[in-house]
Amino acid sequence: MSIFKGAGVALITPMHEDGSVNYKKLEEILEFQIANHTDAIIICGTTGEASTLSDEEHLECIRFTCEKVNKRIPVIAGTGSNCTESAVYLSKKAEECGVDGLLLVTPYYNKATQNGLKAHYKKIAENVSVPILLYNVPSRTGTTLAPQTIVDLCTEVPNIVGVKDATGNLSEVADVMSLAQGKVDVYSGNDDQITPILSLGGIGVISVLSNILPQETHDMVASYLAGDVETSRNLQVKYIPLIRALFSEVNPIPVKKAMNLMGMEVGSLRLPLTEMEETSTAKLAEEMKKAGIQVK
């Protein structure tokens with residue numbers, strides 16, 4: 001059983017001016033997402049600046065989100081770490097908070113072997129009962145989950161059910177699908193590859209774009225899954241320039257800027273991330289306007 005089908009939002013973490021988490025604003029953006037038909041909330045992932053949250057903040061964001069969403073849509077928590085024991089701890093605590101699933105990035109910096117990656121994920125999975133999505137993002141971690149490793153984990157471990165693919169390599173996605181024989185739920189981790197991955201058998205996206213265009217991103221996936229390939233393709237192509245602007249600097253710098261340009265007041269970023277450069281901001285604002293988004 002899939003955790004969700006459709007467009008899940010890789011949610012930002014709003015901050016006060018002093019850098020603390022703004023929970024009132026978090027509640028507002030959760031309601032905005034649900035009202036605009038987002039299919040799942042992914043909290044404390046890369047876009048949520050999880051790497052600069054303390055464990056206490058990390059878990060409070062998860063607990064708060066589960067409480068406010070209250071099972072209206074699935075909540076998936078990012079609880080990965082390059083330390084297996086740390087990932088086990090966060091995953092167990094997140095399960096206690098009531099999450100519907102976990103998103104576990106490959107261990108970064110350590111650069112484990114494929115056998116090491118299997119052992120890492122199996123160790124976490126045996127300590128929780130909720131379903132797990134692997135997160136394959138070698139541009140950030142320096143480690144790639146091989147297609148066979150993904151399929152092995154999803155077939156050998158009952159609660160490892162799929163993968164968020166942010167490799168950018170459609171050939172590897174095709175390899176996973178070829179090997180998986182329907183046993184792996186694949187989600188696009190790149191907003192510029194939503195429809196292409198759906199065409200290979202994917203069932204959704206974990207999306208940065210959804211922070212600012214939740215309804216449209218939902219529609220891109222829902223139309224494809226309903227058999228309306230043309231609408232999905234047209235939406236994908238329409239938003240490519242905006243997606244490019246949203247990734248013109250490292251995520252989540254541009255998407256937080258975009259939300260602030262929309263008047264959502266989600267605050268700044270935690271170091272080492274810094275504010276968007278002026279030229280990039282101007283281009284982002286231009287593409288937002290072209291996409292029909294009101295910029296303040």
Side-chain angles (χ1 to χ4, degrees), residues 1-8 10 39-40 42 45-46 76 78 80 82 84 87 101-125 131-209 217 220-221 224-225 227 229 232-233 236-237 240 243-244 247 251:
M1 183 71 177
S2 301
I3 305 174
F4 77 98
K5 291 184 179 180
D39 298 291
I42 293 79
T46 304
I76 300 168
N82 68 323
T84 304
L102 302 171
L103 178 66
L104 298 174
V105 70
T106 53
Y108 37 87
Y109 191 76
N110 310 52
K111 299 186 74 172
T113 64
Q114 296 301 303
N115 284 336
L117 293 171
K118 284 184 180 181
H120 170 80
Y121 282 114
K122 287 180 177 180
K123 178 70 172 179
I124 301 166
I132 289 167
L133 296 178
L134 312 171
Y135 182 15
N136 197 13
V137 58
S139 64
R140 285 187 180 267
T141 65
T143 303
T144 301
L145 275 165
Q148 189 64 61
T149 301
I150 294 168
V151 174
D152 288 348
L153 284 166
C154 289
T155 53
E156 294 170 9
V157 185
N159 58 329
I160 297 180
V161 299
V163 62
K164 174 186 176 182
D165 184 279
T167 63
N169 188 333
L170 291 174
S171 294
E172 286 201 5
V173 177
D175 286 342
V176 170
M177 292 302 192
S178 176
L179 293 165
Q181 299 297 305
K183 296 176 182 177
V184 180
D185 290 339
V186 177
Y187 300 87
S188 175
N190 293 325
D191 285 313
D192 61 350
Q193 294 183 337
I194 299 172
T195 302
I197 284 179
L198 292 173
S199 76
L200 289 168
I203 62 170
V205 62
I206 295 177
S207 169
V208 174
L209 180 65
T217 313
M220 194 186 306
V221 181
Y224 191 98
L225 296 179
V229 175
S232 179
R233 181 176 62 242
Q236 176 75 90
V237 172
I240 288 294
I243 292 165
R244 292 279 182 265
F247 289 90
N251 178 49

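Just so it is clear, the values below take in all heavy atoms, side chains as well, and ignore hydrogens, waters and symmetry mates. Residue numbers start at 1 and run along the sequence shown.
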Peer 1: Using every non-hydrogen atom in the two residues, find where Leu209 and Asp191 come nearest and quote the distance to one decimal.
Peer 2: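 That would be N-OD2, 2.8 Å.
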Peer 1: Is a side-chain donor or acceptor of Gln193 paired with a backbone partner of Gly168 at a separation under 3.5 angstrom?
Peer 2: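 Present.
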Peer 1: Using the side chain to side chain donor-acceptor pair (under 3.5 Å) definition, which of the options Thr143, Asn110, Thr141 pairs with Asn82?
Peer 2: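 Result for side chain to side chain donor-acceptor pair (under 3.5 Å) with Asn82: Asn110.
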Peer 1: Between atom OH of Tyr224 and atom CD1 of Ile197, what is the distance when rounded to the nearest 0.5 Å?
Peer 2: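 So the gap between those two atoms works out to 11.5 Å.
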Peer 1: In Å and rounded to the nearest 0.5 Å, what is the CD1 to CG distance from Ile76 to Leu102?
Peer 2: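 The CD1 atom of Ile76 sits 9.0 Å away from the CG atom of Leu102.
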Peer 1: If we only count heavy atoms from C-beta on, is the Ile206 to Ser188 side-chain gap below 4.5 Å?
Peer 2: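 Not in contact.
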Peer 1: List for me each residue that meets side-chain contact (heavy atoms from CB on, under 4.5 Å) alongside Asp175, sequence neighbours excluded, and say none if there are none.
Peer 2: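 Checked Asp175 against side-chain contact (heavy atoms from CB on, under 4.5 Å); matches are Pro147.
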Peer 1: Roughly how far apart are Leu134 CG and Ile124 CD1, rounded to 0.5 Å?
Peer 2: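 So the gap between those two atoms works out to 9.5 Å.
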Peer 1: What is the distance from atom CG of Asn190 to atom CG of Asp165, rounded to the nearest 0.5 Å?
Peer 2: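 With rounding to 0.5 Å, CG (Asn190) is 7.5 Å from CG (Asp165).
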Peer 1: Can a salt bridge be assigned to the pair Lys5 and Asp39 using a cut-off of 4.0 Å between side-chain N and carboxylate O?
Peer 2: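 Looking at Asp39 together with Lys5, the answer is no, because their closest N to O distance does not fall below 4.0 Å.
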Peer 1: Please report the interatomic distance CD1(Ile240) to CG(Asp192), rounded to the nearest 0.5 Å.
Peer 2: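 Between atom CD1 of Ile240 and atom CG of Asp192 there are 5.0 Å.
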Peer 1: Distance to the ring centre below 6.0 angstrom and angle to the axis at most 45 degrees; does that hold for Lys164 and Tyr135?
Peer 2: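 The answer is yes, since Lys164 meets both limits relative to Tyr135.
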Peer 1: Could you work out, with ring pair (Phe, Tyr, Trp, His ring centres under 6.0 Å) as the rule, every residue matching Tyr121, not counting sequence neighbours?
Peer 2: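 Counting only residues at least two positions away or on another chain, Tyr121 forms no ring pair (Phe, Tyr, Trp, His ring centres under 6.0 Å).
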Peer 1: Dump the intermediate steps for side chain to side chain contact (heavy atoms under 4.5 Å, CB included) on Arg140 and Asn251, then the final yes or no.
Peer 2: CA-CA 11 Å; Arg140 285 187 180 267; Asn251 178 49; 3.7 Å; yes
Peer 1: Which pair of heavy atoms, one from Val163 and one from Leu133, lies closest together, and at what distance?
Peer 2: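 The answer is N-CD2, 4.1 Å.
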Peer 1: Return yes if some donor-acceptor pair links the side-chain N/O of Gln114 with the main-chain N/O of Ala146 below 3.5 Å, else return no.
Peer 2: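 Looks like yes, one N/O pair under 3.5 Å.
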Peer 1: Less than 4.5 Å apart, any side-chain heavy atom of Val161 and any of Ile3?
Peer 2: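 When only atoms from C-beta onward are counted, Ile3 and Val161 do touch, with a gap below 4.5 Å.
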Peer 1: Quick one: closest heavy-atom pair of Gly162 and Cys154, and the distance?
Peer 2: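 Heavy-atom minimum between the residues: N-SG, 3.7 Å.
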Peer 1: Do Thr167 and Asn136 meet the criterion of a side-chain donor-acceptor pair at a distance under 3.5 Å?
Peer 2: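 No, no side-chain donor-acceptor contact under 3.5 Å.
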Peer 1: So which heavy atom on Asp185 is nearest to which on Ser2, and how close?
Peer 2: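 Scanning both residues completely, I find the closest heavy atoms to be OD2-OG, 2.9 Å.
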Peer 1: Test your reading of the model: is there a side-chain donor-acceptor pair from Thr149 to the backbone of Leu145, 3.5 Å cut-off?
Peer 2: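 No, because the side chain of Thr149 does not come within donor-acceptor range (under 3.5 Å) of the backbone of Leu145.
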Peer 1: When you measure from the side chain of Gln236 to the backbone N and O of Ile194, does any donor-acceptor pair fall under 3.5 Å?
Peer 2: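 Such a contact is found between Gln236 side chain and Ile194 backbone.
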Peer 1: Determine the sole option in Lys122, Lys118, Lys183 for which the salt bridge (charged side-chain N to carboxylate O under 4.0 Å, His left out) test with Asp152 is passed.
Peer 2: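 When Lys122, Lys118, Lys183 are each tested with Asp152, the salt bridge (charged side-chain N to carboxylate O under 4.0 Å, His left out) holds only for Lys118.
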Peer 1: Using the rule given for side chain to side chain contact (heavy atoms under 4.5 Å, CB included), can you reason through Thr217 versus Val205, listing the C-alpha separation, both sets of side-chain angles and the distance that settles it, and then say yes or no?
Peer 2: CA-CA 9 Å; Thr217 313; Val205 62; 4.1 Å; yes
Peer 1: Which pair of heavy atoms, one from Phe4 and one from Ile203, lies closest together, and at what distance?
Peer 2: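 Residues Phe4 and Ile203, closest heavy atoms: O-CD1, 3.6 Å.
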Peer 1: For His120 versus Ala87, what's the shortest heavy-atom pair and its separation?
Peer 2: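 Closest heavy-atom pair between His120 and Ala87: CE1-CB, 4.3 Å.
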Peer 1: Would you compute the distance between atom CE of Met220 and atom OG1 of Thr195 and round it to the nearest 0.5 angstrom?
Peer 2: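 The CE atom of Met220 sits 5.5 Å away from the OG1 atom of Thr195.
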Peer 1: Check whether any side-chain N or O of Ser207 sits under 3.5 Å from a backbone N or O of Ala7 as a donor-acceptor pair, and report yes or no.
Peer 2: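 Not confirmed, Ser207 side chain does not pair with Ala7 backbone.
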